2 protein chains.
Amino acid sequence: MYRTNAAAPGGANLPSLRSHNTALVLDLLRTAGADGISRLELAERTGLTPQAVSKITARLRAEGLATEAGRRASTGGKPRTVLRLVPDAGHAIGVHLDRDELRAVLVDLDGTVTGERRVPVDLGAGADAVVEAVVRETGRLVADGTESGRLSEVRTLLGVGVALPGPLDHDRGVLHRVTGFPEWDGFPLRDALARRLGVPVVVDKDTNAAALGLAVGGERGSFVYVHLATGLGAGLVLGGTVHRGARTGAGEFGHQVVQLDGPPCPCGNRGCLEALCLAALDHGDLPGAARVLGVGAANLAALLDIDRVLLGGRTVARAPEVFVRGVAAVLDARARREGAPDGAVPVTLAPAGARGVAHGAAQLLLAPIFGHPNG
Amino acid sequence: MYRTNAAAPGGANLPSLRSHNTALVLDLLRTAGADGISRLELAERTGLTPQAVSKITARLRAEGLATEAGRRASTGGKPRTVLRLVPDAGHAIGVHLDRDELRAVLVDLDGTVTGERRVPVDLGAGADAVVEAVVRETGRLVADGTESGRLSEVRTLLGVGVALPGPLDHDRGVLHRVTGFPEWDGFPLRDALARRLGVPVVVDKDTNAAALGLAVGGERGSFVYVHLATGLGAGLVLGGTVHRGARTGAGEFGHQVVQLDGPPCPCGNRGCLEALCLAALDHGDLPGAARVLGVGAANLAALLDIDRVLLGGRTVARAPEVFVRGVAAVLDARARREGAPDGAVPVTLAPAGARGVAHGAAQLLLAPIFGHPNG
DNA sequence: TGCACTTTGGCAACAGCGTTGCGAAAGTAG
DNA sequence: CTACTTTCGCAACGCTGTTGCCAAAGTGCA
């Protein structure tokens, strides 16, 4: 399986060149999905010569990652042959560990969910119990997949991605003080799971996983995924890649202060977005909560100049239109006042729904194959 | 002169591989400065083999970009030969266009300022007058440089970088509504200057230029440069590169809302950082202004997880310690409350001083040579 | 039906990249 | 002076994408 030359401190050699171009072609094949894409189109999109694309796709076909799938209509000459990704050539499991629920999905190379499990879980029950639950559920997903013939070989399982509420250290796979569950502080979740599962494991914040899932799912450029459930967080995608920051702690959207000397927040600060938002929700004031969210989103949009704001999470799902409209109203008003030439940043509902985080967690393993090192 | 393969949509070929590695080596040579760096050290730092480094440095020496400069002490065998960048092999001019002053600097490859001019200018006097002033001052810089023997050939002038208050379109080099001077809206400054000067011109916001200058000057990782003068803005460097966002408008720090329903700002919003900050300054309340700045910086640090906050600009220069201490106090307090394992994000004064923006503007032309495409 | 034309896409030869094997150069240590 | 270590370039090499060329597979017109 192809991986980018991650270890090198920057120097590039021929193998890394090859990996890069192969990943590029694979990414285009994935994006094309079931429609497929022709060799010549691949050449145009990558900037490579047709002959180079022929060589690369020949390798991919020999390794079972790509296949020919029909032809296009002729435009006066030999018709183009359509190439397609072979989705079953690789799988990954994405696990969404929420405060009260575990959701695991089996995902193939092109992002299709081919298996899913949901069980209640208590994050407060301690590390051993939770690790055990993850091992059990991923095991069942693999068993089901093998039985149905989808996971024909164990080797096609690339690894397991785990997404859960932060803060945590993505690089080392170690949890910090998961809000509300101090006993998790310092637990090396990635290594503990990798030892038990025997496959690579990647750990990330739920918001980052969801944002990665959206980026892989076709959302281009820079955007923010705002997640409102028991807490408030954000996943940032800047220029197509998830921005995690120096200590992989970026996205602390909930504790942005937007009211100097405002009401106190459990985090110790005053006037945090999360505190104001949750307070409004407690009063049943959804539009008020949306407006507060909008102020935060508008700040973020101005600071980072993003293309889009995507909303998700359980609370948003309860009244999607109220939140989308409320947040958009704040952004529109600000754009009008500032006379933005292209209008306001659009606000939409994250399309993946309740499965978004688990799906994105699986992409933590799949994305590197397509040339997105850390997503 | 080496340039990265910018036009390609992602596909890499052998020339682009070569450019990449050459730029990498040049960047290390530049970073090493007058001390120089040995071939073996270059090999270790890049991950390339010693032989590859020998070939690359041989090319660089043949083209006059690098030279041998002494040897290190032996460690039991043949002593390492030290290589050094030839600073005079290339120059760039950086122009800082402020509301009332034009500052232009001539900078060589390793960032040393070898010529400087300062003249009063009125941005409100219209485009023609300002363009004329830039043409005149850059011309004099070149004339002085040629006379002193530094600019031995005209070909060593790579181009002119112009930095001025935003907002503007960096990609196209077109100004938007420069705050306070609506007549500039839509003026194609880059093309107008390039036609008159006959060399490449790059236009950017003053804050971005300063941030780029700091990044090139050795500031690693992710940081924010906060500029407080007649207005308030920020330049973001994320993972070593300047973040400009989708429409190159990122860094709108001044109009971050931190007080819902706060005092009105000329921009039309309420409770903007800039409004609060300038109001405090009007009352002579520097610590108050610093505190407001600190709240904004803390929000940004939490959102983006940056390594450092750097302060600059005329107002900061008037009482540097008050601002550094005031901003740091807010960040420290928040870090303590949240129990950040590594402590608070450090706050320091931007080292480049009043010349920072002009120096950074020159780096807009130099950075691509060292593998930083847009800085 | 047959011929001319267009377009696709693979084979073979090629240029250029970093890599490997090896030896000359230039020091230190005894 | 000898033995050893370390640096560093020459030559041969393997592999990359590129170029030149030609067979295959269509369309369109006579």
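The sequence lines fix the lettering, A, B, ..., with proteins before strands; numbering per chain opens at 1. The structure presented is a predicted model; accordingly, all values stated were derived computationally and were not measured.
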Does B:Arg18 have a side-chain nitrogen or oxygen under 4.0 Å from the phosphate oxygens OP1 or OP2 of C:dG16? no

Rounded distance (Å) that lies between atom P of D:dC8 and atom CD of B:Glu41: 11 Å

It should be established whether A:Ser38 places a side-chain nitrogen or oxygen under 4.0 Å from OP1 or OP2 of nucleotide C:dT8. no

For atom CG of A:Leu17 and atom P of C:dG16, their distance in whole Å: 16 Å

Using atom CD1 of A:Ile56 as one end and atom P of D:dG17 as the other, report the distance to the nearest whole Å. 5 Å

Report yes or no: is the cationic atom of A:Arg30 (NZ for Lys, CZ for Arg) under 6.0 Å from the centre of the six-membered ring of A:Phe370, at an angle within 45° of the ring normal? yes

Salt bridge check, A:Arg39 against A:Glu68: does any charged N sit closer than 4.0 Å to a carboxylate O? yes

Without decimals, in angstroms, what is the distance between A:Arg59 CZ and C:dC11 P? 14 Å

Distance criterion of 3.5 Å, no angle test: do you see the side chain of B:Gln51 paired donor-to-acceptor with the base of D:dC8? no

Residue pair A:Arg80/A:Leu14 against DNA chain C: nearer the 5' end by closest nucleotide is A:Arg80

Does B:Arg61, at its CZ atom, have more than 12 non-hydrogen atoms belonging to other residues, nucleotides or ligands within less than 6.0 Å? yes

May I ask you to check whether over 12 heavy atoms, not counting those of A:Arg72, lie within 6.0 Å of atom CZ? yes

Check: B:Lys78 side chain, C:dT28 base, donor-acceptor under 3.5 Å: no

Ignoring backbone atoms, establish whether B:Ser54 has a side-chain N or O less than 4.0 Å from OP1 or OP2 of D:dC8. no

Specify the separation, in whole Å, of atom CZ of A:Arg61 and atom C1' of C:dG9. 10 Å

Separation of C:dA26 C1' from B:Arg71 CZ (nearest whole Å): 7 Å

Between CZ of B:Arg39 and P of D:dT6 the distance, given in whole Å, is 18 Å

